[in-house]
Asks: 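Here it is: the structure, laid out below.
Throughout, residue positions are numbered sequentially from 1 according to the sequence presented. Ligands are counted one by one from 1 in listed order, and the atoms in each one are counted from 1 as well.
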Amino acid sequence: MATVTSQPGRTPLIAGNWKMNLDHLQAIAFVQKLAWSLKDAGHDFTSVEVSVFPPFTDLRSVQTLISADKLPLAFGAQDVSAHDSGAYTGEISGAFLNALECSYVIIGHSERRTLHGETDEQVADKVAAALRHNLIPIICVGETAEDLEQHGPSAVPVAQLRGALAHVTTAADIVVAYEPVWAIGSGQAATPEQAEQVAAQLRAVLVELLGQDVADKTRILYGGSVKAANIAGFMREPNVDGALVGGASLDLAEFASIVRYQKHVGL
Ligand code: PGA
């Protein structure tokens with residue numbers, strides 16, 4: 001069997017960002033079927049970690065199901081407040097997400113940056129909040145088509161990562177997701193070479209700011225029009241350790257196939 005070897009110490013992570021899709025009843029059905037279908041296919045969850053990111057209102061249901069049935073899936077939220085508690089109507093504290101046994105939280109997704117005006121400073125505060133509450137932040141960075149034309153591929157993602165890490169000083173458990181904005185939901189993914197080029201630059205920033213050890217163990221994901229047909233190409237790249245999957249994470253068979261990318265290699 002052909003295999004893709006992950007980098008030593010970095011377990012590949014396939015993360016499904018559901019965005020504002022699936023209510024809590026649909027979430028229960030989906031997560032149950034996903035776990036069954038991966039188990040049926042003999043998926044080794046220790047070789048490729050699988051996580052889902054449902055809307056806030058689904059999290060309690062997903063937690064209850066995963067914990068009751070001991071499903072080998074991780075889950076997290078799509079955003080977190082920079083504050084721990086208080087008069088912040090509509091916001092969700094990292095303390096609440098931690099109490100729901102979330103492992104991860106997505107921070108600084110381009111839709112939050114574009115549609116909700118999130119700045120690098122706010123992203124940095126949210127990253128700090130996640131770490132305060134023992135959540136692993138999945139820090140999203142990526143350039144728009146305009147940025148790409150004006151500054152090349154890595155300038156904006158590198159600057160965003162530096163900004164996001166403003167309050168991270170010690171060895172921290174984080175994940176970075178490189179998501180070119182032009183590739184999100186467009187059907188036009190970056191090439192594996194493009195993803196690798198930026199991922200390598202992002203890892204260099206991690207070395208500089210957090211040291212070699214943290215940089216070596218930090219997973220860098222690619223996101224933007226990932227599907228079963230293109231995942232294996234990204235996973236062959238040495239600095240790409242997984243994927244943040246949007247649209248294709250809502251299609252059970254497609255998502256399961258992405259998770260099982262090691263089976264596609266050599267096809
Ligand atoms: P997409 O979204 O896979 O639908 O392009 C990725 C994302 O927004 O995280």
Asks: Side-chain donor-acceptor pair under 3.5 Å between Glu143 and Trp182, yes or no?
Replies: yes
Asks: Any Lys/Arg nitrogen of Lys126 or Asp79 sitting under 4.0 Å from an Asp/Glu carboxylate oxygen of the other?
Replies: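 Salt bridge present between Lys126 and Asp79.
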Asks: Is it true that Asp120 and Arg113 have a side-chain N and a carboxylate O under 4.0 angstrom from each other?
Replies: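 Arg113 and Asp120: salt-bridged.
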Asks: What residues come within 4.0 Å of ligand 1, counting heavy atoms only?
Replies: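 Heavy-atom contacts below 4.0 Å: Asn17, Lys19, His109, Glu179, Ala183, Ile184, Gly185, Gly224, Ser225, Leu244, Val245, Gly246, Gly247.
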Asks: When rounded to the nearest 0.5 angstrom, what is the spacing between CG in Leu59 and OG1 in Thr64?
Replies: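 Going from the CG atom of Leu59 to the OG1 atom of Thr64 covers 10.5 Å.
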Asks: Under the 4.5 Å side-chain heavy-atom rule for ILVMFWY, direct or indirect, which residues accompany Met20?
Replies: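 Taking Ile, Leu, Val, Met, Phe, Trp and Tyr as members, Met20 stands alone, with no cluster partners.
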Asks: Rounded to the nearest 0.5 Å, how far apart are CG of Asn239 and CD of Gln201?
Replies: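 Nearest 0.5 Å value for the CG-CD distance: 10.0 Å.
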